[in-house]
Enquirer: 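Mind looking over this structure? Questions follow.
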Amino acid sequence: MDIFKNTLILFVTSFIKEKNKTGIEPKEAEKLIKLPPGNSYGDYSVASYYLTKYGLKGKPGDIAAEFLNYAQANFGQIKDFFRKIEIKGPYVNFFVHKEKFILATVGNVLKNNRNYGRGHLDKPERVIIDFSSPNIAKPFGVGHLRSTVIGMSLANIYEFCGYDVLKINYLGDFGVGAGKLITAFCRYDDIDFHEFEKDPIKVLYRLYVQIHKEVQEDKSLEEDARLKFKRLEENILRTKRMLEKYLENLRDGANASGKEDNWNAIKITAENKGDFCKTSAGQYKIWSLFKGLSIEEFKRIYKLMGIGFDVYEGESQSAEFANEVVEILYKSGLAIESEGAIIVPLKGVKTPALIAKSDGTSLYLSRDIVTAVLRMAKYGYGKMIYVVGSEQSLHFSQLFNIFDVLKERKNALKGNPVFQKYASSAAGKLVHVKFGRIIGMSTRKGNLVFLEDYIREAMLKAMEKLKERDGISDDGHPPEGFDEKDCGKDIFTLNGRESAALKIGIGAVVFNDLKTRRDTDVNFNWDNVLSFEGQTGPYLQYTVSRINSLISRLIKETGNGAAGTGNIIFHAAAGVKEAGVSFDDEFSVSERDKDFDEIYLIAKQFSIFKDDVEEALNFNEPSIISSYALELASLFNKYYQNYRLIGQDFEYIKARLYILTAVRAVLTNALKLLCIPILERM
RNA sequence: GCGCCCAUAGCUCAGCUGGAUAGAGCGUCAGACUACGAAUCUGCAGGCCGGGGGUUCGAAUCCCUCUGGGCGCACCA
């Protein structure tokens, strides 16, 4: 928070204290301060109608007048920060000393640089973010992209605000879908094992498509897949452990999965395929291999996008304990039998919460109960966020309600004290961060779009643009995690320009998903994603590289003008950039400068960065950061267009150099929170 | 049928924890490159904030209702 706002908060606080004797919490007082819509209303407003909540009586206008009297009488307390007070209807408007405001705000940015806007918690709360969570038996499509980018951005935001974040990828490695894939693999004889070795995901995708088509016509295949899954489950569950004891030991560093499969040791060829398919142990190995290959593929794409996880978990790991939890709930009377299945009666949710099928096998819901408890035991958390599409709202509302029941009626669980402890602890800490669907997403041929193809389309478009500019390119470093060998295909042979194109493509795709509020369904439109103008990722990236370009240009030009001066500026800028400490009183702007108003607006935008980050956190809404970044970029681009710096005198340029550096710092921080790659040049 | 979500400019969306004249981008049209990078900027036009009712000094924002769309609703995940 900026010192001007803070001063005003304290000022209002003392006014209230004088009036009602009890005072007001600073957090509450902050709500009284508003940012007026236009600059003719001043810079900060105190909305008098809010004061009625704190014991002041009368019409808003009268209260405002009362506060105005107080403010004028005690103006001495704030005269260092504010130059004028006006009353307008129910508002008391405060006008800041703009020169001081700019100085303080820009200085604050430069001092903190990469940490500008960062929060700190004395005791960082552990927040688990469960996101992306692709299914190994299904291709990774754009639906997962939304969860992935929203989740990653939230992780960044929480971390930035001082939380202890744990990112978990909960793989869908369980279910009949897995059985189908095994059925397909064993059924089709035309698998190209050369291709399988080189590009396993493509082959798996074809198997997926083929079997799903065939199952439509031949129901016996569905049965076969179910059988294969049942055998798989038996293999996964073969080392059954007792939940209570397991939970107790978790804190001692026991491995949650307990089983580490060695993917690389499995080699399946056209010759030995039949042997694997014959036995359930062999089928288990096929599944393991698919799982391993899928994870490798996911990791490659994640890394490319600058996304990483702390933990990879699989549903199969929770399945082990699902039946036992069902048993515990049933015996304790919290769950009852209904139409042959087991359900948990819930107050708020009408649809029965089914935790076990009539054949006794576990369900998604029961496995999620296990997972939340296991994670509490293993990692502990003050909050756990599931970033999953809104179509699963019912599921999560059932899950959360079940935990409320487990806590309310914990006496019923006293036979299982450890389970009871962790389950009670989890209650009320689970959050579903849902998002709308992407409607109409398909390739131009009408198929499902792979994430990689999606990025590739955007990259190709960026390539065209870069060629038009000719000669201007990034520094040639590919994005972190890029490995030409892994990709090994056409456009992924990077030179500097291509590396830039890839970053731009990723920026376009990611920002397209983060710029709107989560809840709204988005109508997918290729023209929207492939537009790089206006409210887009490339616009933001362009702004940063334009600043870079301008800064180096200024250093060069000024150096040529007067001997030595270029050096001074260079050191000032470099010092600010590298160490963030060289800001000092050399810097000043004057109200008489023609660009003063625009600079003030930019400084004003700096001052609200942290507020917006906190709002994004409170609402779990990355799009708030997106809007912020667009606004800042827009303010800068307007400034850039209207005021030429080259050719101005030394002092003038020097002050602007600080401001440019500050814009770059704040924009960079915002883009990092959004997982938008930054380019030196583009 | 029940539940959740959504409805703001031609299109895509901000604004929604009630507050001052409802804002951007795209598109249309008219402008700005001998110029710090035109992936930019300036301007024009475009709105009974889906309809109706209510609460309030004050409603795009909260409540009710209707309409239109999305999603979900017992053994899939």
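Predicted, not measured: the structure shown is a model, and the values here were computed from it. By convention in this document, chain letters (A, B, ...) are assigned in the order of the sequence lines, proteins followed by strands, and residues within each chain are numbered from 1.
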Enquirer: Starting at CZ of A:F524 and ending at C1' of B:G70, how long is that distance when rounded to a whole Å?
Expert: 18 Å
Enquirer: Hey, does the Lys NZ or Arg CZ of A:R367 hover above the aromatic six-ring of A:F174, less than 6.0 Å from the centre and inside 45° of the axis?
Expert: no
Enquirer: Select base, sugar-phosphate, or nothing to describe what A:K434 touches, counting heavy atoms under 4.0 Å on all strands.
Expert: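 If one applies the 4.0 Å heavy-atom cut-off, A:K434 turns out to touch the sugar-phosphate alone, with no base involved.
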Enquirer: Across all strands, who's sitting opposite B:U21 as a Watson-Crick or G-U wobble pair, both distances under 3.5 Å?
Expert: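 When the pairing criteria are applied, nothing turns out to pair with B:U21, so the answer is none.
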Enquirer: Any base atoms under 4.0 Å from A:I504, or only sugar-phosphate, or nothing? Heavy atoms, all strands.
Expert: base
Enquirer: Return the nucleotide paired to B:C49: Watson-Crick means purine N1 to pyrimidine N3 with N6-O4 or O6-N4, wobble means G-U with N1-O2 and O6-N3, both under 3.5 Å.
Expert: none
Enquirer: So A:S338, base contact, sugar-phosphate only, or nothing? Heavy-atom distance under 4.0 Å.
Expert: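 Result for A:S338 = base.
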Enquirer: Atom CG of A:D521 to atom P of B:C4: distance rounded to whole Å?
Expert: 17 Å
Enquirer: Does the pair A:H432 and A:F400 meet the rule for a ring-ring contact (aromatic ring centres under 6.0 Å, His included), with working shown?
Expert: CA-CA 9 Å; A:H432 179 202; A:F400 302 167; 7.1 Å; no
Enquirer: Distance between the P atoms of B:C63 and B:G3, in whole angstroms?
Expert: 15 Å
Enquirer: A:D527 has an atom CG; how far is it from atom P of B:G27, in whole Å?
Expert: 10 Å
Enquirer: Give a yes or no on whether a donor-acceptor pair under 3.5 Å exists between the nucleobase atoms of B:A39, that is its base, and the side chain of A:T536.
Expert: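 Per atom types, no contact qualifies.
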Enquirer: Do any N or O atoms from the side chain of A:N93 and from the backbone of A:I87 form a donor-acceptor pair under 3.5 angstrom?
Expert: no
Enquirer: Do the side chain of A:S362 and the main chain of A:A319 share a donor and acceptor less than 3.5 angstrom apart?
Expert: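 It does not hold such a pair.
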Enquirer: Can you figure out which of B:C6, B:C13, B:A39 approaches the side chain of A:M682 most closely?
Expert: B:A39
Enquirer: Go through B:U17, B:G37, B:C13 for me and flag the one nearest to the A:T516 side chain.
Expert: B:C13
Enquirer: Watson-Crick or G-U wobble partner for B:C2, using a 3.5 Å limit on both distances?
Expert: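 For B:C2, the partner nucleotide comes out as B:G72, under the 3.5 Å rule.
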Enquirer: So A:S627, base contact, sugar-phosphate only, or nothing? Heavy-atom distance under 4.0 Å.
Expert: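 Sugar-phosphate, no base atom in range.
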Enquirer: Which part of the nucleic acid does A:R656 contact within heavy-atom distance under 4.0 Å: base, sugar-phosphate only, or nothing?
Expert: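 The residue A:R656 makes no contact with any strand.
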Enquirer: Between B:G37 and A:S549, counting only base atoms on the nucleotide and side-chain atoms on the residue, is there a donor-acceptor pair under 3.5 Å?
Expert: yes
Enquirer: Classify A:N93 by what it touches in the nucleic acid, base, sugar-phosphate, or nothing, heavy-atom distance under 4.0 Å.
Expert: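 Base: the residue A:N93, judged by heavy atoms under 4.0 Å, touches a nucleobase.
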Enquirer: Say you pick atom C1' in B:G46 and the same atom in B:U8; how far apart are they, in whole Å?
Expert: 13 Å
Enquirer: So, does A:S390 get its side chain near the phosphate of B:C5, meaning an N or O under 4.0 Å from OP1 or OP2?
Expert: no
Enquirer: Take atom CG of A:N512 and atom C1' of B:A39, then tell me their distance rounded to the nearest Å.
Expert: 16 Å
Enquirer: For the pair made of CG in A:L554 and C1' in B:A35, what is the distance, rounded to whole Å?
Expert: 14 Å
Enquirer: Looking across every strand, which nucleic acid part, if any, lies under 4.0 Å from A:L394 by heavy atom: base, sugar-phosphate, or nothing?
Expert: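 Sugar-phosphate only.
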Enquirer: Which heavy atom of A:S318 sits nearest a heavy atom of A:V370, and at what distance?
Expert: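 Looks like O-CG1, 3.6 Å.
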Enquirer: Using a 4.0 Å heavy-atom cut-off across all strands, classify A:A341 as base, sugar-phosphate, or nothing.
Expert: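 Contact class for A:A341: base.
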Enquirer: Measure from the ring center of A:Y454 to the ring center of A:F524 and say whether it is less than 6.0 Å.
Expert: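 That pair passes the under 6.0 Å test.
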Enquirer: Would you tell me if any nitrogen or oxygen in the side chain of A:R644 comes within less than 4.0 Å of OP1 or OP2 on B:A35?
Expert: no
Enquirer: Considering only side-chain heavy atoms of A:N637, which listed nucleotide, B:C36, B:A39, B:C41, is closest?
Expert: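 Comparing B:C36, B:A39, B:C41 against the side chain of A:N637, the answer is B:C41.
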Enquirer: If the cut-off is 4.0 Å, is A:Y50 near the phosphate of B:G58, judged by side-chain N/O to OP1 or OP2?
Expert: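 Answer is no, no contact under 4.0 Å.
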Enquirer: Using the C1' atoms only, state how far B:A60 lies from B:U17, rounded to an integer number of Å.
Expert: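 Looking at atom C1' only, B:U17 and B:A60 are 15 Å apart.
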Enquirer: Could you check whether A:T543 gets within reach of a base, just the sugar-phosphate, or nothing at all, counting any heavy atom under 4.0 Å?
Expert: nothing
Enquirer: When you compare B:G10 with B:G50, how far apart are their P atoms, in angstrom units rounded to a whole number?
Expert: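 Straight-line distance between the two P atoms is 13 Å.
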Enquirer: For atom C1', what is the distance between B:A77 and B:U56, given to the nearest Å?
Expert: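 So the two C1' atoms sit 47 Å from each other.
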Enquirer: Provide, to the nearest angstrom, the distance between the CG atom belonging to A:L540 and the P atom belonging to B:G37.
Expert: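 Checked: the CG to P distance equals 19 Å.
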Enquirer: Have a look at A:V349 and say if it touches a base, only the backbone sugar-phosphate, or nothing, with a 4.0 Å heavy-atom cut-off.
Expert: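 Nothing: the residue A:V349, judged by heavy atoms under 4.0 Å, touches no strand.
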Enquirer: Side chains of A:Y539 and A:N637: is there a donor and an acceptor less than 3.5 Å apart?
Expert: yes
Enquirer: Answer yes if the side chains of A:Y652 and A:D595 hold a donor-acceptor pair under 3.5 Å, and no otherwise.
Expert: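 Yes, a side-chain donor-acceptor pair sits under 3.5 Å.
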Enquirer: Which one, B:U40, B:C41, B:G70, comes nearest to the side chain of A:N642?
Expert: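 Selected nucleotide: B:C41.
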Enquirer: Sticking with atom P, work out how far B:G68 lies from B:A30, rounded to a whole angstrom.
Expert: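 So the two P atoms sit 41 Å from each other.
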Enquirer: Go through B:A39, B:G18, B:A77 for me and flag the one nearest to the A:Q392 side chain.
Expert: B:A77
Enquirer: Report the residue (A:L645 or A:Y41) whose heavy-atom-nearest nucleotide on RNA chain B is the more 5′ of the two.
Expert: A:Y41
Enquirer: Which pair of non-hydrogen atoms, one from A:R656 and one from A:V589, has the smallest distance, and what is that distance?
Expert: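 Heavy-atom minimum between the residues: NH1-CG1, 4.1 Å.
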Enquirer: Side chain of A:D519, heavy atoms from C-beta onward: which of B:C41, B:A77, B:C6 has the nearest atom to it?
Expert: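 Within the option list, the nearest is B:C6.
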Enquirer: Mind checking A:I343 for me? I need base, sugar-phosphate or nothing, with any heavy atom below 4.0 Å counting as a touch.
Expert: base
Enquirer: Scan A:Y364 against the nucleic acid and name what it touches under 4.0 Å (heavy atoms): base, sugar-phosphate only, or nothing.
Expert: base
Enquirer: What integer number of Å spans the C1' atoms of B:C26 and B:U40?
Expert: 15 Å
Enquirer: Does the structure show a Watson-Crick or G-U wobble partner for B:A32, both distances under 3.5 Å? Name it, or say none.
Expert: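 When the pairing criteria are applied, B:U40 turns out to be the nucleotide that pairs with B:A32.
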Enquirer: Rounded to the nearest angstrom, tell me the gap between atom NZ in A:K515 and atom C1' in B:C11.
Expert: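 Rounded to the whole Å, the gap is 12 Å.
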Enquirer: Please tell me whether A:E28 and A:Y54 have a donor and an acceptor in their side chains that are separated by less than 3.5 angstrom.
Expert: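 The answer is yes; a qualifying pair exists.
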Enquirer: Just compare B:A32, B:G70, B:G37 and give me whichever is closest to any side-chain atom of A:R437.
Expert: B:G70
Enquirer: Going by purine N1 to pyrimidine N3 plus the second Watson-Crick contact, or the G-U wobble pair, all under 3.5 Å, which nucleotide sits opposite B:C26?
Expert: B:G10
Enquirer: Start at the 5' end of RNA chain B and walk down; is the nucleotide closest to A:S362 or to A:K638 reached first?
Expert: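 That would be A:K638.
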Enquirer: So if I take every side-chain heavy atom of A:Y640 and compare against B:C71, B:C36, B:U17, which nucleotide ends up nearest?
Expert: B:C36
Enquirer: Taking atom C1' in both B:A74 and B:C62, what distance in whole Å separates the two?
Expert: 36 Å
Enquirer: Using the side-chain heavy atoms of A:E339, tell me which of these nucleotides is nearest: B:A74, B:C2, B:A39.
Expert: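 Among B:A74, B:C2, B:A39, the one nearest the side chain of A:E339 is B:A74.
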Enquirer: Roughly, in whole Å, what's the span from CZ in A:R517 to P in B:C6?
Expert: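 The answer, rounded to whole Å, is 9 Å.
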Enquirer: Between B:G18, B:U17, B:A39, which nucleotide has the shortest distance from any of its atoms to the side chain of A:L466?
Expert: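 Nearest listed nucleotide: B:A39.
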